[in-house]
Amino acid sequence: MIGVLVNFLGVVLGGFVGCLLKNGMSEKINFAVSKGVALCVLVIGIMGAITTSDQLLMIVCIVVGTLIGELIGIEKGIEKMGDFAQRKLHGQGGFSEGFVSATLLFCVGSMAVVGSLDAGFSNDSSTLLAKSALDAVSAVMFASSFGAGVMLSAVPLTIYQGAIALLAVWIKPYLGPEIIGEMKAVGSVLIIALGINLLDLMNGKKLRVANMLPSMFLPIAYIPVYNWIMSLVK
């Protein structure tokens with residue numbers, strides 16, 4: 001679990017540095033930096049999504065997972081957390097947006113899932129430690145644009161990755177390279193959606209990316225069911 005804790009500290013420290021930079025940067029520079037980060041997020045998502053070997057799986061998982069997320073109202077819950085923290089901490093404008101955007105960026109990446117699984121499977125924190133460095137840099141960029149809400153995203157991130165690491169022992173028998181690979185690809189679609197939001201490509205409208213989170217875990221069920229159906233057909 002050391003990787004989970006280091007990731008927490010990386011986001012907090014990176015967010016703190018970003019908040020310090022925010023006060024010394026002009027609005028023009030903040031805008032340019034935030035859009036540059038958004039472009040990188042979009043590219044990272046595209047590169048991950050094209051690794052899928054089953055387009056049908058991706059479509060089914062995104063559609064069904066989004067439906068589940070919409071029914072549960074995941075995004076609304078995260079937004080309420082951000083708004084509550086903003087009121088209690090007297091955060092400035094952009095606090096909640098920074099919290100939601102950073103939480104999604106740090107949680108939906110493939111390294112979050114795979115790194116947490118490695119930590120749970122074999123106590124190997126190398127992936128999470130590498131992710132910690134990347135997240136710290138991203139936290140600096142995000143916090144320089146959105147403020148202290150980015151630091152708070154370390155809390156749900158730690159709960160999310162810690163839960164996956166603890167559950168890894170029970171779900172290990174059901175995972176293999178194919179399933180993990182498709183989980184990465186589906187997660188990358190969510191990163192693309194986040195990049196679209198950050199670039200404001202929908203003229204003020206936002207994709208509810210948090211409601212798509214269940215999609216990442218549906219390959220665990222989809223692939224065994226699909227293989228079983230194919231065996232019956234043959």
Side-chain angles (χ1 to χ4, degrees), residues 3-49 75 78-79 81-83 85-86 89 91-115 127-158 160-161 184 187-202 204 206-210 212-213:
V4 176
L5 297 177
V6 171
N7 207 167
F8 171 86
L9 293 175
V11 171
V12 172
L13 293 175
F16 179 73
V17 172
C19 288
L20 294 179
L21 293 176
K22 180 180 176 66
N23 296 327
M25 296 173 66
S26 66
E27 183 177 346
K28 180 179 179 180
I29 294 178
N30 276 335
F31 177 84
V33 169
S34 65
K35 296 308 177 184
V37 172
L39 280 172
C40 293
V41 170
L42 187 62
V43 171
I44 290 171
I46 292 172
M47 292 175 63
E75 179 127 339
I78 295 177
E79 288 176 348
M81 288 174 59
D83 292 339
Q86 181 171 339
L89 300 175
Q92 299 177 348
F95 184 100
S96 182
E97 183 180 358
F99 170 73
V100 174
S101 297
T103 298
L104 293 174
L105 176 63
F106 299 146
C107 289
V108 304
S110 59
M111 292 181 76
V113 176
V114 176
T127 300
L128 284 183
L129 291 176
K131 177 179 180 292
S132 300
L134 296 174
D135 287 355
V137 175
S138 298
V140 172
M141 297 295 99
F142 267 69
S144 68
S145 300
F146 296 109
V150 175
M151 297 172 64
L152 186 63
S153 68
V155 176
L157 170 65
T158 302
Y160 175 75
Q161 293 187 150
K184 292 181 183 179
S188 294
V189 175
L190 275 63
I191 295 177
I192 292 174
L194 180 60
I196 291 173
N197 283 349
L198 294 173
L199 288 168
D200 194 22
L201 297 181
M202 298 179 64
K206 296 285 187 181
L207 294 169
R208 292 191 285 268
V209 182
M212 301 178 182
L213 282 173

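Because the structure is a prediction, the values reported are computed rather than measured. The chain is numbered in sequence order, starting from 1.
- For Gly3 against Ser132, the heavy-atom pair with the smallest separation is O-OG, 3.9 Å.
- Atom OG in Ser101 sits 5.0 Å away from atom CZ in Phe146 (nearest 0.5 Å).
- Counting only heavy atoms from C-beta outward, the side chains of Val17 and Leu21 approach each other to under 4.5 Å.
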- Task: Dump the intermediate steps for side chain to side chain contact (heavy atoms under 4.5 Å, CB included) on Val6 and Leu128, then the final yes or no.
- Result: CA-CA 8 Å; Val6 171; Leu128 284 183; over 6 Å; no
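- Considering CZ of Phe142 and OG1 of Thr103, their distance stands at 10.5 Å, rounded to 0.5 Å.
- Contact record, Phe106 with Ala112: O-CB, 3.5 Å, taken as the closest heavy-atom pair.
- Between Leu105 and Ser138, the shortest heavy-atom contact is CD2-CB, 4.3 Å.
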Please list, one pair per line, the donor and acceptor atoms closer than 3.5 Å that link side chains of residues 190-200 to other protein atoms, with sequence neighbours excluded.
from	atom 1	to	atom 2	distance (Å)
Asn197	OD1	Leu207	N	2.8
Asn197	ND2	Leu207	O	2.7
Asp200	OD1	Gly204	N	2.8

Ignoring hydrogens and angles, write down the donor-acceptor pairs under 3.5 Å from the side chains of residues 149-158, residues two or more places apart or on other chains.
from	atom 1	to	atom 2	distance (Å)
Ser153	OG	Val150	O	2.5
Thr158	OG1	Ala154	O	2.7

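- Across Gly15 and Ala143, no two heavy atoms sit closer than the pair O-CB, 3.2 Å.
- Annotation: side-chain hydrogen bond (donor to acceptor under 3.5 Å, both in side chains) contacts involving residues 6-17, sequence neighbours excluded, comprise Asn7-Lys131, Asn7-Asp135, Asn7-Gln161.
- When all heavy atoms of Gly48 and Ser188 are compared, the pair lying nearest together is CA-OG, 3.2 Å.
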